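All figures in this text were calculated on a predicted structure; none of them were measured in a lab. The chains referred to below are lettered A, B, ... by the order of the sequence lines, with proteins before strands, and numbering in each begins at 1. All values below come from the heavy atoms of this structure, side chains included, with hydrogens, waters and symmetry mates left out.
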2 protein chains.
Amino acid sequence: MSEAIKDLLKKNHMSVTDSRLQILDMFYHAPGALAHADIEKKASDKIDRVTIYRTLQTFEEKGIIHTIPTADNSVKYALCKDRCEEGHHHDNHVHFVCDKCGKTICLDDVHVPEVKLPKGFQPQQSNMVVNGFCSDCRS
Amino acid sequence: MSEAIKDLLKKNHMSVTDSRLQILDMFYHAPGALAHADIEKKASDKIDRVTIYRTLQTFEEKGIIHTIPTADNSVKYALCKDRCEEGHHHDNHVHFVCDKCGKTICLDDVHVPEVKLPKGFQPQQSNMVVNGFCSDCRS
DNA sequence: ACATATTTGCAATTATGTTGCAAATTTTAT
DNA sequence: ATAAAATTTGCAACATAATTGCAAATATGT
Ligand SMILES: [Mn+2]
Ligand SMILES: [Mn+2]
Ligand SMILES: [Zn+2]
Ligand SMILES: [Zn+2]
């Protein structure tokens, strides 16, 4: 359990606890985004469901992770890499969901393009999710 | 309850029932996308929750309505206007969600732009949702 | 009008998420 | 190092959303 993770918690003014270290560690080693259920399963020494909900919520508020709006309306989370801050995210990258392996991936370098909206619409935030086959799964 | 709605059901090889007529009618007269809860409330002579779930699922399978992946992971539905077919949708338009009034709108004329993905990713379907203020709500 | 096929509503079950609170843990002050 | 204060955790209870099996009701084809 790396020292860097502990530091991240401290940098964000959060108490350093086992659950938080363990969950953050999962995110750092995960191949893609994680759902609540993924975390619940992977947690070696069991973490309570409620603690997981609260930890995810706290991480999200602190700008450590962001939620990903997938097409099937399931909630997934991934680390923020865009120096998000407490209370305000700016992860404006595209997300990819593999229809075969189910992996959900942040395409950190692919920005969500602007679109021209009809008269009167005032955009604030855009989300884009692409479904298809990831590099591991295309045939 | 228009005859056209009845015909739409027949054209799609579905039995014509009160629930279906009533729900389809709602979609035709709604100002935006509808959530399961919206339908449950509006139904004049009460339709069972389960029937609503099943009706929405059937409509979706038949290519009559499509789901909208909102940023807050709530499920909304709207009529397909892009001649979707049984089993395969191709609603490739942008969706707009108003942060003030909550209305969710299909921007049928705004196509989801293509994005260049990293090497190896094979896109199949893209979704884009824009949040902001709709024409009625901007100040 | 009847037989057949489909849909509906109900009850039971499962999944997902939230809240209050006491006990445990972590942090801060001494 | 110890104690007090602050925060976090786990449990139980609750709330909400969604799914399933099945019998009764309704719709369809003849
Ligand atoms: Mn991301
Ligand atoms: Mn739409
Ligand atoms: Zn894959
Ligand atoms: Zn609005």
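Between A/His90 and A/His66, the distance separating the two ring centers is not shorter than 6.0 angstrom.
Checking side-chain atoms of A/Asn127 against main-chain N and O of B/Ala71 turns up no donor-acceptor pair under 3.5 Å. Of the possible donor and acceptor atoms, one in the side chain of B/Thr55 sits under 3.5 Å from a partner among the backbone N and O of B/Thr51. For A/His89 (side chain) and A/Glu60 (main-chain N/O), a donor-acceptor pair under 3.5 Å exists by modelled atom type. Under the 3.5 Å distance criterion, the side-chain polar atoms of B/Asn12 are left unmatched by any main-chain donor or acceptor of B/Met14.
A pairwise comparison of heavy atoms in B/Ser126 and B/Asn92 identifies O-ND2, 4.1 Å as the closest pair. Between B/Phe96 and A/Leu117 the shortest heavy-atom distance is CE1-CD1, 3.9 Å. Across all their heavy atoms, B/Ala43 and B/Gln22 have their closest contact at CA-OE1, 3.5 Å.
To the nearest angstrom, C1' of D/dT8 lies 15 Å from CG of A/Leu24. We find that CD1 of B/Ile47 is positioned 15 Å from C1' of D/dT26, with the value rounded to whole Å. Between B/Asn12 atom CG and D/dA27 atom C1' the separation is 17 Å, expressed in whole Å. The nearest whole Å value for the distance from the CG atom in A/Leu9 to the P atom in D/dT7 is 16 Å. Counting to the nearest Å, the P atom of D/dT7 and the CZ atom of A/Arg20 are 11 Å from each other.
The span of DNA chain C lying next to chain A, judged by atoms under 4.0 Å from heavy atoms, is bounded 5' to 3' by C/dT16 to C/dT27.
Position along DNA chain D of the nearest nucleotide to B/Lys10 versus A/Thr17 favours A/Thr17 as the more 5'-ward residue.
Across its full length, the helix from C/dA1-D/dT30 to C/dT30-D/dA1 shows an angle of 40° between the axes of its 5 terminal pairs at either end, rounded to 10 degrees.
Evaluation of the side chain to side chain donor-acceptor pair (under 3.5 Å) rule for A/Ser15 yields no partner, not counting sequence neighbours. Listed by chain and residue number, A/Asp136 satisfy the salt bridge (charged side-chain N to carboxylate O under 4.0 Å, His left out) test with A/Lys103 (two or more places apart in sequence, or in another chain).
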Under 3.5 Å, which donor-acceptor pairs link side chains of residues 28-40 of chain A to any protein atom two or more places apart or in another chain?
| from | atom 1 | to | atom 2 | distance (Å) |
| --- | --- | --- | --- | --- |
| A/His29 | ND1 | A/Asp25 | O | 3.0 |
| A/His29 | ND1 | A/Asp25 | OD2 | 3.4 |
| A/His36 | NE2 | A/Arg49 | O | 3.4 |
| A/Asp38 | OD2 | A/Ala35 | N | 2.7 |

For nucleotides 16-21 of chain D, give me one character per nucleotide, 5' to 3': B if any protein heavy atom sits under 4.0 Å from the base, S if the only such contacts are to the sugar-phosphate, - if neither.
-SBBBB
